[in-house]
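Scope of the values below: all heavy atoms of this structure, side chains included, with no hydrogens, waters or symmetry mates. Here is the naming used below: chain letters follow the sequence lines, and residue numbers restart at 1 for every chain.
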Protein chains: 2
Amino acid sequence: MPHRPSLEDVARIAGVSTATVSRVLNAPARVRPETRERVERAVERLGYTPHFGGRALASNRTDTVGAVIPTMENAIFARGLQALQEDLADAGVTLLVATSNYDKAQEARQIQTLLARGVDGLVLVGEARDDAVYAYLAGRAAPFVLVWTWRADCSWPCVGFDNFAAARDVAERVLGFGHRRIAMIAGVTRDNDRARSRVQGVRAALADRGLALEAPFLIEADYRIEAGSAAAQRLLADTGRPTAIICGNDVLGAGAMVGARAAGYRVPQDVSITGFDDIDIAQLLDPALSTVHVPHRRMGRMAAKLLLALRDPQGTVTSVCIETEFIERGSLGVSPPSAPEGGLGDDGSRQSDPHGPL
Amino acid sequence: MPHRPSLEDVARIAGVSTATVSRVLNAPARVRPETRERVERAVERLGYTPHFGGRALASNRTDTVGAVIPTMENAIFARGLQALQEDLADAGVTLLVATSNYDKAQEARQIQTLLARGVDGLVLVGEARDDAVYAYLAGRAAPFVLVWTWRADCSWPCVGFDNFAAARDVAERVLGFGHRRIAMIAGVTRDNDRARSRVQGVRAALADRGLALEAPFLIEADYRIEAGSAAAQRLLADTGRPTAIICGNDVLGAGAMVGARAAGYRVPQDVSITGFDDIDIAQLLDPALSTVHVPHRRMGRMAAKLLLALRDPQGTVTSVCIETEFIERGSLGVSPPSAPEGGLGDDGSRQSDPHGPL
DNA sequence: AGGCGCAATGCAAGCGCTTTCATTCCAAGT
DNA sequence: ACTTGGAATGAAAGCGCTTGCATTGCGCCT
């Protein structure tokens, strides 16, 4: 059983020292062409690949960065990561992915794990985490960038978008369609600054018109279609039901559409629905879901860029704000005239078959 | 600037040798409780974390496994990976993810990269790859398991399902609804044994009834909604159009539904459509997409189990076949009586508004 | 001709950890 | 009391690589 070839084996065969082989691998320009070629032949012949541990130990770099995302089962993260990974790969950097399942403690643990794995940098989703975690990162001098979030006065490098502004914009559009009884199905806001900002954005827009956004017109639901559906049905069951439901993300939006239909309401004639993210299903729904388009791929690429910049020198980087865009589709229509604008009562008349689709 | 604490620092503070500290970390049972506690306190106090490179170098293990998937932007892979990752994490193993973008050469490169990163094992999607790659894996003595595929006589450990049988089952169901003019929109079969097996399964079922599956009733489309839509429109544009379209996956199925509608056909009255995978969108479509449910999470968990078993001793493992299930939903209906059963001509009468949805 | 500087290469010291082997200590057996 | 075996621990040899410094060889300047 022949040994896995080592630098020394290559050196022996090429008739040079290990130092030279190492240089051929890491700084080819510093080696005379003939020597270099001899070494390369030896590498080829032995099928030599550097030993990762040895390299990491000696150079204290791993050319690896880590990302901690809530879950891969969410198209938006998947897409962003994909782009991130591609760009990192182009720079010879490998991506290590860990998931937190939307749990703060688990995220902290994963960050530790990744740092223990020797990652050269980290990509973290959102801004909401304990100071202790940030202190830990600082203590280890670990470069990181936050994604999916952006604030003008964020203390750390981030590349993302202004969730508050985008959500506010959504609400303003909805208001523009004449809606006044507006409800929101938000994502879980605990430990999630994105979900929280979206709620605040919507609330701010409504407040500008003197409208409030509070329970029971504000429901939180976790990231599942069924949760969105249940929430919508709850909202629509009441007399004094909303004429529009703003959802914190597209999955909840899709769920809301399913729920509205199940409750016998038509979209958008009886109730308008909006989402956030613009994932594939938004276009597939019938009517298609009005939503906020977020260029996830671009965000991933920018994150890669920042991270690579952050990695080498002590060069600082500036945060990047990605532009989002409201996409108006069929699920958003004018407020039904029959709906009361401010009163409490509602005749509850439904314009469609209560045993409609689904 | 204090140094990152090393084993030696811990040893000094605890008043023991580095060997003992190492043992506390790796085989706590082998050190006396009092000593152990002293060491643990020192570890705590210094905030010591083992250096990954050092450990990898000395022990030649990394507690890391790699997965190479076509793309993260595909819900099925994401879901399987998520489960895989969770179970590996429970065993203290980290997952390294790389993507091949459905490209054979890129996959080979990623495998090399991951092995160079010192992964202890690999998860690979499907079975179709060059012998050279398998030889390389064998040469490096790298344990691996194949996922998303299963054959009784597969030469390597795999955990997946029988794509051929499942696809054949789909076709039989479709035949059971009286369809005889059946077309298929397949995924790209090049370098993709899953897509290929699905085509063959459908073909086999049709052959049993004396029917063929060939161009122009067999179209390949890449993994995008638009591609499925375009393919469906092409299929339906012809006179002698199919009454049922079997799609190689749900994304193509969703695309086909969009395309059929755009061409003015109703599903399932004018044309039935089936998918494969049972991702979220299948249920959201209207009518919902009939498809094959694949328990991706279970598959991910089994893959984790095999991989962990494969990792330590030379213990061999046996492949696992996961059961799939056909889910009948609204998109599959009886063959329209107006459609000719075997002839070439077709009056092309459409029963719906040619300017229908989309 | 002698000296200088630079480019190319080699030497060898670690990087932080694991692990074999040797040592020490103690309790139990004779 | 003396041996013996086992448990706990330490000493030290690497694991494969990078890199600072030393060495060599060469062309060129004075």
Side-chain angles (χ1 to χ4, degrees), chain A residues 1-40 42-43 46-64 92 115-118 120 140 312, chain B residues 1-40 42-43 46-64 92 115-120 140-141 312:
Chain A
M1 184 74 197
H3 211 43
R4 175 197 214 278
S6 74
L7 244 212
E8 203 178 330
D9 299 325
V10 176
R12 193 173 331 111
I13 291 202
V16 297
S17 71
T18 61
T20 299
V21 179
S22 176
R23 281 190 279 258
V24 168
L25 264 31
N26 300 300
R30 299 191 47 199
V31 177
R32 199 153 40 112
E34 306 112 75
T35 318
R36 193 193 311 156
E37 199 183 324
R38 203 144 33 96
V39 171
E40 280 164 353
V43 166
L46 290 175
Y48 168 79
T49 353
H51 185 282
F52 180 68
R55 174 176 286 198
L57 182 55
S59 69
N60 216 30
R61 284 181 313 114
T62 58
D63 289 335
T64 297
L115 286 176
R117 282 299 188 280
D120 295 335
R140 308 260 314 210
D312 244 359
Chain B
M1 182 75 196
H3 211 44
R4 175 197 213 278
S6 75
L7 244 211
E8 202 176 330
D9 299 326
V10 177
R12 193 174 329 110
I13 291 202
V16 296
S17 72
T18 61
T20 298
V21 179
S22 176
R23 279 190 281 260
V24 168
L25 263 31
N26 300 301
R30 298 192 47 198
V31 342
R32 202 152 40 111
E34 308 108 77
T35 318
R36 194 193 313 157
E37 200 183 325
R38 203 146 32 95
V39 170
E40 279 163 353
V43 166
L46 291 175
Y48 169 77
T49 352
H51 185 281
F52 181 68
R55 176 176 285 204
L57 181 55
S59 69
N60 217 29
R61 283 180 313 112
T62 57
D63 289 334
T64 297
L115 286 176
R117 283 291 187 287
V119 297
D120 295 334
R140 308 260 315 209
D312 243 358

Discussion item. Over all strands shown, is A:Val21 touching base, sugar-phosphate only, or nothing at heavy-atom distances under 4.0 angstrom?
Written reply: nothing
Discussion item. Whole angstroms only, please: what is the CG-P distance between A:Asn60 and D:dG20?
Written reply: 14 Å
Worksheet entry | Euclidean distance, atom CZ of residue B:Phe52 to atom P of C:dC17 [Å, nearest integer] | 13 Å
Discussion item. At 4.0 Å (heavy atoms only), tell me whether A:Asn26 reaches a base, stays on the sugar-phosphate, or touches nothing.
Written reply: sugar-phosphate
Worksheet item: Taking all atoms of both residues into account, what is the closest heavy-atom pair of B:Ala56 and A:Gly53, and its distance?
Response: CB-CA, 3.8 Å
Discussion item. Of the listed nucleotides (C:dG10, D:dG16, D:dG10), which one gets closest to any side-chain atom of B:Arg23?
Written reply: D:dG10
Worksheet item: Sub-3.5 Å donor-acceptor pair from the side chain of A:Arg23 to the main-chain atoms of A:Arg36, do we have one?
Response: no
Discussion item. Under a 3.5 Å distance rule, please check whether A:Arg55 uses its side chain to pair with a backbone N or O of A:Pro50 as donor and acceptor.
Written reply: no
Discussion item. Please pick, from D:dA11, C:dC11, C:dT9, the nucleotide with the shortest atom-to-atom distance to any side-chain atom of A:Ala19.
Written reply: C:dC11
Practice prompt. Whole angstrom is fine here: how far is it from CG in B:Leu25 over to C1' in C:dT18?
Written response: 11 Å
Practice prompt. Look at the side chain of A:Arg4 and the base of D:dG16, then say whether one donor and one acceptor between them are separated by less than 3.5 Å.
Written response: no
Worksheet, complete the sentence: When rounded to whole Å, the CZ to P distance for the pair B:Arg61 and C:dT19 reads 7 Å
Discussion item. Is the phosphate of C:dT9 approached by A:Arg32 (side-chain N or O, under 4.0 Å from OP1 or OP2)?
Written reply: yes
Worksheet item: Rounded to whole angstrom units, what separation is found between the CZ atom of B:Arg36 and the C1' atom of D:dA7?
Response: 13 Å
Item to complete: Taking all non-hydrogen atoms of both residues into account, name the closest pair between B:Val21 and B:Ala11 and its distance.
Response: CG2-CA, 3.6 Å
Worksheet item: What is the distance, rounded to the nearest whole Å, between atom CZ of B:Arg12 and atom C1' of C:dC17?
Response: 15 Å
Discussion item. Would you compute the distance between atom OG of A:Ser6 and atom CZ of A:Arg12 and round it to the nearest 0.5 angstrom?
Written reply: 7.0 Å
Discussion item. Just so I know, are the side chains of B:Arg4 and A:Asn60 near enough to count as touching, which here means a heavy-atom distance under 4.5 Å?
Written reply: no
Worksheet item: Mapping A:Val31 and B:Glu8 to their closest nucleotides on DNA chain C, which lands nearer the 5' end?
Response: A:Val31
Item to complete: With heavy atoms under 4.0 Å as the rule, sort A:Thr20 into base, sugar-phosphate or nothing.
Response: sugar-phosphate
Practice prompt. In whole angstrom, give the distance that lies between atom CG of B:Asp63 and atom C1' of C:dC17.
Written response: 14 Å
Discussion item. Quick check on DNA chain D: between B:Val16 and A:Leu7, whose nearest nucleotide comes earlier from the 5' end?
Written reply: B:Val16
Worksheet item: How about A:Thr64 and B:Arg117: does a side-chain donor come under 3.5 Å of a side-chain acceptor?
Response: yes
Worksheet entry | N or O in side chain of B:Arg55 less than 4.0 angstrom from C:dT18 OP1/OP2 | yes
Can you name the atoms? Protein N/O to nucleotides 13-15 of chain C N/O, anything below 3.5 Å, with the distance.
from   : atom 1 : to      : atom 2 : distance (Å)
C:dC15 : O2     : A:Ala58 : N      : 3.4

Discussion item. Are the side chains of A:Phe52 and B:Val119 in contact, using a 4.5 Å heavy-atom criterion?
Written reply: no
Worksheet item: Does a nitrogen or oxygen in the side chain of B:Ser6 sit under 4.0 Å from OP1 or OP2 of C:dG16?
Response: no
